[in-house]
Amino acid sequence: MDLKKLIKLAKGLDSKDKQQLILSLQSETNGAAPIRVIDEIHEQKHKDGLVCPHCHSHTVVRFGKYTITTRAGEVKRQRYRCKSCLQTFNDLTNTPLQRTRRPHLWVRFIELMIEGISLRKCAELMYEEVTFVTLFYWRHKILAALKHVPTDAFHGIVEMDETYFLYSEKGRRNITERKPRKRGGKAKHRGISNDQICVLVARDRQKMTFSGVLGRGRIRTTKLDEAIGSHLSNSNVLCTDSWRAFSSYANQKGLAHYRFKSDGKQRIKGVYHIQNVNSYHSRLKRWMDRFNGVATKYLEHYLAWFRYLDSKEYENTTSNKKNMLVSSCMFSVKDTNTRLRRMTYC
């Protein structure tokens, strides 16, 4: 068909069909993208030599090949065998991409994740027919790996504060402990109680960020040390609100400590304040609103997701898409669909 006629026909499409056409053309021209990503995963995972993902032995030999089907056709990839545990593996073993039947769709799905598009909308925008239920498990396999990305040690001033999310059993049926809530709902008790999940956020001035679930109800010093203790040193200066758990912790660790009351009368003491961490809280809360409540058992996953997006300033670039997918494959993930579904909050 003549190109001019094709362009004329394309102009007559509605916006949704135009977007689908663009995605289809991109998928045809980027057929080798999944292979390039797998090559990058191979380089990063085995930068110190081939390692067995099962027993971490270096006594590895080649063991035939396996086939990956992409839009560009079938591609043969190397398979390996460990001489210690006698198990076979490939570059995608124990990663979110393990046993995937559509490797060519993952790069597009990562793009939609960075955009923050809902699962149902993602299913409409994918190149091929894939259900939102399948995409739900893809999402959480990626996030289960991203939550293992380590937080480096903090430098200088560290702002630390807690925020709270309503305890949620979203997706669970036959709840007997209380009446079901619709789209988040409200807590049974006023103020901070066991209906609330405490999330700690710590952030230095170089934007190194820790965020994690500390438990139900008010923050406790013991939980604080378990979560953040390994990231702090005597050279750090803590800036927090006036909650006594922070003061007790700073005294125990011998850290310099500046406190700011929640009434907002004194927000800054020279270079010391907690405005950065409070701003992070605001962005996190606004971003979480789109999900109309998140099941508490998956809350760590969503914290990791937002932490990644915030560190990349929400830019949906080719580099960020590849980095997110490759980073999620650097950590061992054995979560199956059944295991993800049966997760519980402890």
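Note that these values count all heavy atoms, side chains included, but never hydrogens, waters or copies made by symmetry. We number each residue from 1, following the sequence as shown.
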Classify the angle between the aromatic ring planes of [X] and [Y] as parallel (below 30°), tilted (30 to 60°) or perpendicular (above 60°).
X      : Y      : answer
Phe109 : Trp138 : perpendicular
Trp287 : Phe291 : perpendicular
His140 : His301 : tilted

Linking I/L/V/M/F/W/Y whenever their side-chain heavy atoms sit closer than 4.5 Å, directly or via other members, would [X] and [Y] fall into one cluster?
X      : Y      : answer
Leu284 : Ile228 : no
Leu105 : Met324 : yes
Phe260 : Met160 : no
Leu112 : Leu146 : yes

Quick check: closest heavy atoms across Leu125 and Arg108, and the distance to 0.1 Å? O-NE, 3.8 Å
Over all heavy atoms of both residues, which pair between Tyr280 and Ser211 is shortest? Give the atoms and the distance, please. OH-OG, 4.3 Å
Between the side chains of [X] and [Y], is a donor N or O closer than 3.5 angstrom to an acceptor N or O?
X      : Y      : answer
Tyr137 : Arg341 : yes
Tyr302 : Arg307 : no
Thr336 : Thr338 : no
Ser279 : Ser282 : no
Asn337 : Lys141 : yes
His42  : Asp91  : yes
Thr59  : Ser84  : yes
Asn323 : Tyr308 : yes
Ser242 : Arg259 : no

Is the shortest side-chain heavy-atom distance between [X] and [Y] below 4.5 Å?
X      : Y      : answer
Thr240 : Asp161 : no
Gln44  : Met330 : yes
Ile114 : Lys321 : yes
Lys334 : Gln98  : no
Tyr258 : Ile274 : no
Ser332 : Pro53  : no
Glu162 : Val199 : no
Arg36  : Lys322 : no

Once rounded to the nearest 0.5 Å, what's the spacing between atom [atom1] of [X] and atom [atom2] of [Y]?
X      : Y      : atom1 : atom2 : result
Cys329 : Ile41  : SG    : CD1   : 3.5 Å
Leu303 : Thr209 : CG    : OG1   : 11.5 Å
Leu143 : His148 : CG    : NE2   : 11.0 Å
Ser168 : Asp195 : OG    : CG    : 11.5 Å
Thr221 : Tyr249 : OG1   : OH    : 9.5 Å

If we ignore hydrogens and angles and just use 3.5 Å, is the side chain of [X] paired with the main-chain N or O of [Y] as donor and acceptor?
X      : Y      : answer
Thr100 : Leu97  : no
Thr134 : Val130 : no
Asn236 : Ser233 : yes

Can you confirm if the aromatic rings of Tyr80 and Phe63 lie within a centre distance of less than 6.0 Å?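 No, the ring centres sit 6.0 Å or more apart.
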For residues Phe136 and Tyr298, establish whether the separation of their ring centroids is below 6.0 Å. yes
Is it true that Glu124 and Lys121 make a salt bridge, defined as a side-chain N closer than 4.0 Å to a carboxylate O? yes
Under a 4.0 Å N-O cut-off, is there an ion pair linking Arg77 with Asp39? yes
Report the C-alpha distance between Thr317 and Ser319 in whole Å, list the side-chain angles of each, state the deciding distance to 0.1 Å, and finish with yes or no for side-chain hydrogen bond (donor to acceptor under 3.5 Å, both in side chains). CA-CA 5 Å; Thr317 62; Ser319 175; 4.9 Å; no
Would you sort out whether Ile157 and Val271 count as a side chain to side chain contact (heavy atoms under 4.5 Å, CB included), showing the intermediate values? CA-CA 9 Å; Ile157 299 170; Val271 296; 3.8 Å; yes
Taking the six-membered ring of Phe210 (Phe, Tyr or Trp), confirm whether the NZ or CZ of Arg203 is under 6.0 Å from its centre and within 45° of its axis. no
State whether Tyr66 and Lys76 meet the cation-pi test: NZ (Lys) or CZ (Arg) under 6.0 Å from the six-membered ring centroid, and within 45° of the perpendicular axis. no
Might you work through the salt bridge (Lys or Arg N to Asp or Glu O under 4.0 Å) test for Glu315 and Lys312, ending with a clear yes or no? CA-CA 6 Å; Glu315 294 182 350; Lys312 302 299 181 182; over 6 Å; no
For Val37 and Val107: C-alpha separation, side-chain torsions, deciding distance, then whether side chain to side chain contact (heavy atoms under 4.5 Å, CB included) applies. CA-CA 9 Å; Val37 170; Val107 175; 4.1 Å; yes
Using the side-chain hydrogen bond (donor to acceptor under 3.5 Å, both in side chains) rule, take Arg79 and Thr88 through it: C-alpha gap first, then chi angles, then the decisive distance, then the call. CA-CA 7 Å; Arg79 192 168 186 82; Thr88 63; 3.1 Å; yes
Please list all pairs meeting salt bridge (Lys or Arg N to Asp or Glu O under 4.0 Å) that have one or both residues in residues 274-303, counting only residues at least two apart or in different chains. Arg283-Asp310
What do the steps show when you test Lys261 against Asp241 for side chain to side chain contact (heavy atoms under 4.5 Å, CB included), and what is the final call? CA-CA 6 Å; Lys261 293 184 177 180; Asp241 64 16; over 6 Å; no
